[in-house]
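Here the structure is a predicted model, which is why all the values come from computation and not from measurement.
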Amino acid sequence: MTDFMVALVLVVAIAGLLRWRRPAWYWLTFGVTLATLRVLLRYGTVMDACGLTVPPARWRLTLARVANRPVPGPRAPRILRVRPTRTGLVLRLKLRPGQDAFDVAASCDRLRHSFAMYGVTSRELRSGVVEVRMTGYDVLKRVQMPARLDTRSMRVPVALREDGSVHYRDYRSIPHALTLGATESGKSVYQRNLVAGLASHRVALVGIDCKQGVELFPLARRFSALADNPDTAAELLDALVVRMEGVYQLIRAEQRISADVPDAEIAADIWSLPEELRPVPIVVLVDEVAELALFANKEEEKRRDRIITALVRLAQLGRAAGIYLEVCGQRFGSELGKGITMLRAQLTGRTAHRVNDETSANMAFGDIAPDAVLAAIQIPTDLPGVAITGDSTGGWARIRAPHTSLRQAVNTCNRHADLTPDLPELAPFRPALPSMPAIPVPLSKPAPATA
């Protein structure tokens, strides 16, 4: 008996230590089993307390009276499947007649407290079936991306969501995006993750960094074109518009619209073209859009109008030509001048890191997801990298990108420098680079030798 008590105390101590220092390890060893039992044992009572039950059907009541049996109680949604994950639990529920997926979504906070989980979110899979994702610990406190990632063409993992799933930046489904964030909010780290993820893909990277290139020029070996001032940026954007028009001419020449050509073979964008004819897609990264929109005299105002017009044209017409925009800035609103609101309307994806005021959050989500505005202004200052992401569907989620140092991003770009395409239209803007060093630069300084 004494040995059993000692072993029990030791197990409890180890579990407490893991929960405090290594929550992910605690969840995989103890937490997942305890949480599964807690959910299954409390399920009926919790659903009834949260108002997620329906009265029994009339035929059940009639059958109970005829058979002289007890009256059946209210019925909760039926559990179709319980699936443990490395960060939590996933429940698939079959709703009862009269229930709605919104009822489950509105009760997520009460379910979180009742099941003693860190977070609960829900989404409708199909009519009558809802998936409830529960997280057992704060996955955003120490971001660890899973080993297996669903990578494909023009789709890169950039962050981790608060429900434990991976947040992907998919250019095929969301071609253009806007990223906002105050100084030291983690916006640059998010951008580094994006560049490092795209480095191994068959894509041309084009950068506009008007802070004299301090953010993007260290990654220049993987960029096909770079601009570090507004004058060069205006010429670069004009060259991109020329390339876009040339790609459209290629698509038109390859459409071959006739009665005997199947609909699936009629080209409407670069992804409908044969692979040997398909132009290289381009991702344009604008580091600080306000530097392109500000002006102090008439000449700068003309340049500014030229830049904004080119950006609007690329945002409106660039998707089919394989040109995608990734616009970053601290603020993005009507105070930047005419054309800015039109440009923002074309940027489907929205990501907001910590902002300094509610107005900045409204710039990102006020027109697509008003509920995300409050979440964006509540991001704490001691968690850089935490952001709110949303799109035109109105849905939003809290994410955090894993910390990627500038040296790590540089090494990744250098490793894939051979994939950098040479585009004739952008040749004048190709960055001039010294030869590659023979020995790769280590990620950290070696420890000093001891005597």
Side-chain angles (χ1 to χ4, degrees), residues 1-53 70 72-94 104-123 130-149 159-166 378-380 382-386 397-400 402-403 447:
M1 186 66 180
T2 304
D3 294 340
F4 174 76
M5 292 300 297
V6 171
L8 181 61
V9 171
L10 184 61
V11 170
V12 172
I14 293 174
L17 182 62
L18 288 178
R19 187 172 187 178
W20 175 43
R21 301 295 297 177
R22 290 291 186 270
W25 296 1
Y26 167 79
W27 174 257
L28 294 176
T29 52
F30 301 97
V32 63
T33 303
L34 296 176
T36 302
L37 293 175
R38 189 164 55 244
V39 169
L40 295 179
L41 293 176
R42 298 181 182 177
Y43 180 75
T45 305
V46 168
M47 288 295 171
D48 190 18
C50 293
L52 295 178
T53 57
R75 308 185 68 193
R78 183 160 56 94
I79 299 179
L80 299 180
R81 186 175 67 178
V82 179
R83 179 169 59 90
T85 66
R86 70 182 189 92
T87 59
L89 296 175
V90 178
L91 273 67
R92 185 167 293 184
L93 307 179
K94 175 65 176 178
V104 181
S107 302
C108 282
D109 198 50
R110 285 177 286 177
L111 294 176
R112 176 175 66 89
H113 290 289
S114 301
F115 290 134
M117 303 295 284
Y118 184 82
V120 175
T121 59
S122 69
R123 66 187 182 99
V130 174
E131 181 182 82
V132 179
R133 300 185 68 94
M134 304 181 181
T135 52
Y137 59 97
D138 186 2
V139 298
L140 301 184
K141 186 176 182 179
R142 185 179 179 183
V143 178
Q144 294 179 337
M145 300 292 282
R148 298 179 60 182
L149 297 170
L160 196 66
R161 291 175 176 253
E162 64 177 342
D163 60 1
S165 61
V166 179
Q378 291 179 341
I379 297 176
D382 57 344
L383 289 178
V386 175
R398 187 177 285 102
I399 64 172
R400 191 180 191 185
H403 179 72

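Using a distance-only test at 3.5 Å, with no hydrogens or angles considered, no donor-acceptor pair links the side chain of Thr135 to the main chain of Gly164. Using a distance-only test at 3.5 Å, with no hydrogens or angles considered, a donor-acceptor pair links the side chain of Thr29 to the main chain of Trp25. When atom types are taken as modelled, the side chain of Arg400 and the backbone of Leu140 share a donor-acceptor pair closer than 3.5 angstrom.
Residue-environment remark: OH (Tyr26) exceeds the threshold of 12 foreign heavy atoms within 6.0 Å.
The salt bridge (Lys or Arg N to Asp or Glu O under 4.0 Å) analysis of residues 108-122, with sequence neighbours excluded, yields the pairs Asp109-Arg112. Listed by first then second residue, pairs satisfying salt bridge (Lys or Arg N to Asp or Glu O under 4.0 Å) with a partner in residues 38-52 number zero, not counting sequence neighbours.
With rounding to the nearest 0.5 angstrom, the NZ atom of Lys141 is 9.0 Å from the CG atom of Leu383. Between the OG1 atom of Thr36 and the CE atom of Met134 there is a distance of 10.0 Å, given to the nearest 0.5 Å.
Between Met117 and Ala35, the closest heavy-atom pair is SD-CB, 4.0 Å. Residues Ala159 and Pro402 share a closest heavy-atom pair of CA-CD, 4.1 Å. Here the shortest heavy-atom pairing between Ala105 and Ser122 reads CA-OG, 3.3 Å.
At least one side-chain heavy atom of Ile399 sits less than 4.5 Å from a side-chain heavy atom of Arg161. Looking only at side-chain heavy atoms (C-beta outward), Leu28 and Arg86 come within less than 4.5 Å of each other. Looking only at side-chain heavy atoms (C-beta outward), Leu93 and Tyr43 come within less than 4.5 Å of each other. In this structure the side chain of Leu149 reaches within 4.5 angstrom of the side chain of Val166, judged on heavy atoms. Contact check for Leu160 versus Pro146: side-chain heavy atoms found under the 4.5 Å cut-off. In this structure, the side chains of Glu162 and Asp138 stay at 4.5 Å or more apart for every pair of heavy atoms.
Partners of Arg92 according to the side-chain hydrogen bond (donor to acceptor under 3.5 Å, both in side chains) rule, which considers only residues two or more places apart in sequence or in another chain, do not exist here.
In this structure, Tyr137 and Trp27 have tilted ring planes: the angle between them lies in the 30° to 60° band.
Just one residue in the list Arg398, Arg133, Arg123 forms a salt bridge (charged side-chain N to carboxylate O under 4.0 Å, His left out) with Asp163, and that residue is Arg133.
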